[in-house]
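Here's the structure, in structure tokens; my notes come after.
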There are 2 protein chains.
Amino acid sequence: MTTAPTAQHDAITALEDAGLRITGQRRQVVAAVERRDGGFTAEDISGQLPGVGRATVFRTLKLLVNADVICKLALPDGTPIYSPSRVEHHHHSVCTTCGAIEEFRDTTVERVLRSLTREIEGEIVGHRMEVFIRCGSCLNSQAV
Amino acid sequence: MTTAPTAQHDAITALEDAGLRITGQRRQVVAAVERRDGGFTAEDISGQLPGVGRATVFRTLKLLVNADVICKLALPDGTPIYSPSRVEHHHHSVCTTCGAIEEFRDTTVERVLRSLTREIEGEIVGHRMEVFIRCGSCLNSQAV
DNA sequence: CACGTATTGATACTTACTATCAATTAGATA
DNA sequence: TATCTAATTGATAGTAAGTATCAATACGTG
């Protein structure tokens, strides 16, 4: 039972660093988010926190996305899914069968961006990349 | 005034090849889509075709996405945007200021996927990549 | 502890669709 | 080219994922 810095604490610090107030509601959303392991929706969190207004959940999730505490990604059909962000500068693989989300780092993507910088006249301000997979366990369990 | 095969014709053929019926409404949606140069929303098309039901516009756009006639991509906040697909196997750059969409090919992305194949146990079934930029003309016009 | 501004929650609204289902129609077949 | 049937349509209503509004509340600086 040590008092080592927790991910939760980091998330709160990130919000503080952004000049935001730390309210009970924001603590609750952060706690609910940090408890999650895979992807989750805003409604998941909202349903889990009946004491926190729906609008506040959405607002807080957006703050957490901006603070790089969580990522907002999209399923193939565009449905948004949030996922805790553990690794810096990563991308996601999403299993289209079970919804499992993994983070992976690949510097090759950064190489794509650098080469694009040379080709276009504009300035790159961001990017998004998702790889859709059928994960190992899904392949094994229902071998089609 | 020759009768060279048009993009429109190709789109219709793609629908036929998928075993779908070619209706007047589908022709209208295809024509409206092919007339577009940049990104557009489903509402854009629907507003342009008052004679075609809204639901039919959405349904047809989905068919055209499946047939690779158009792409559905997302702005940084997740807002969906459709864009005509001219080049095979490409990705998109989206100007976050003016909304201009360009296609680019980069085989490096495929390299990312191949290396990922080695790292994970699953099977890759798709991917999405968007690069957000401030395009040349936006940078010039309002130099911040 | 007081005070001012950020934040909240209830409500209503918006956007981007999807489900339903009776009416219509494309296009295969006779 | 008439028939027939399954695919398609459109009107309507519903869903999912948020955003706008604004009066009431509470964080945290001083």
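In what follows, every chain begins at residue 1, and chains take the letters A, B, ... in the order their sequences are listed.
- The 5' end of DNA chain D is approached more closely, in terms of each residue's nearest nucleotide, by B:L20 than by the other of A:F58 and B:L20.
- For B:K62 and C:dC17, the shortest distance from a side-chain N or O to OP1 or OP2 is not below 4.0 Å.
- The side chain of A:K72 sits closest to D:dG18 out of C:dT8, D:dG18, D:dG28.
- Residue B:Q25 places none of its side-chain N or O atoms closer than 4.0 Å to OP1 or OP2 of D:dT8.
- You won't find any donor-acceptor pair under 3.5 Å spanning the side chain of A:R59 and the base of D:dG18, going by distance alone.
- Atom CD in B:Q28 sits about 14 Å away from atom C1' in D:dT8, given to the nearest Å.
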- Query: How far apart are the C-alpha atoms of B:E102 and A:I120, what are their side-chain angles, what is the distance that settles it, and do they pass the side-chain contact (heavy atoms from CB on, under 4.5 Å) test?
  - Reply: CA-CA 10 Å; B:E102 298 288 336; A:I120 68 172; over 6 Å; no

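- Side-chain contact, A:S115 with A:R118: no donor N or O sits under 3.5 Å from an acceptor N or O.
- The CG atom of A:L73 sits 13 Å away from the P atom of D:dA17 (whole-angstrom rounding).
- Contact of the B:I70 side chain with the B:F40 side chain is registered, since non-hydrogen atoms from C-beta on lie closer than 4.5 Å.
- When the nucleotides D:dA6, D:dT9, D:dC27 are ranked by their closest atom to the side chain of B:R21, D:dA6 comes out on top.
- The separation between B:L75 atom CG and D:dG18 atom P is 14 Å, rounded to whole Å.
- The separation between A:I81 atom CD1 and D:dA16 atom P is 13 Å, rounded to whole Å.
- The CZ atom of B:R27 sits 16 Å away from the C1' atom of D:dT9 (whole-angstrom rounding).
- Side-chain atoms of B:P80 lie closest to C:dA16 of the nucleotides D:dT8, C:dT7, C:dA16.
- In terms of position along DNA chain D, the nucleotide closest to B:G51 lies nearer the 5' end than the nucleotide closest to the other residue of the pair B:G51 and A:R54.
- The phosphate of C:dC17 (OP1 or OP2) has a side-chain N or O of B:Y82 nearer than 4.0 angstrom.
- A:T41 comes within 4.0 angstrom of nothing in the nucleic acid, heavy atoms only.
- If you find the closest nucleotide of DNA chain C to B:I22 and to A:V57, the one lying nearer the 5' end belongs to A:V57.
- Put simply, the side chain of A:L15 does not reach to within 4.5 Å of the side chain of A:V69, judged on heavy atoms.
- Contact annotation: the side chain of A:F104 approaches that of A:V131 to within less than 4.5 Å [non-hydrogen atoms, C-beta and beyond].
- Between the CD atom of A:E43 and the P atom of D:dT15 there is a distance of 13 Å, given to the nearest Å.
- Relative to the side chain of B:T56, the nucleotides C:dG9, C:dG27, D:dT9 differ in distance, and D:dT9 lies closest.
- Between C:dG27, C:dA10, C:dA19, one nucleotide has an atom nearer to the side chain of B:A55 than all others, and that is C:dA19.
- OP1 or OP2 of D:dT9 has at least one side-chain nitrogen or oxygen of B:T23 nearer than 4.0 Å.
- Between B:D37 and B:R86 a salt bridge is recorded (basic side-chain N to carboxylate O distance below 4.0 Å).
- Here C:dC17 presents its P atom at 10 Å from CG of A:D77, a figure rounded to the nearest Å.
- Protein atom CD1 of B:I12 is 15 Å distant from nucleotide atom C1' of C:dG27, rounded to whole Å.
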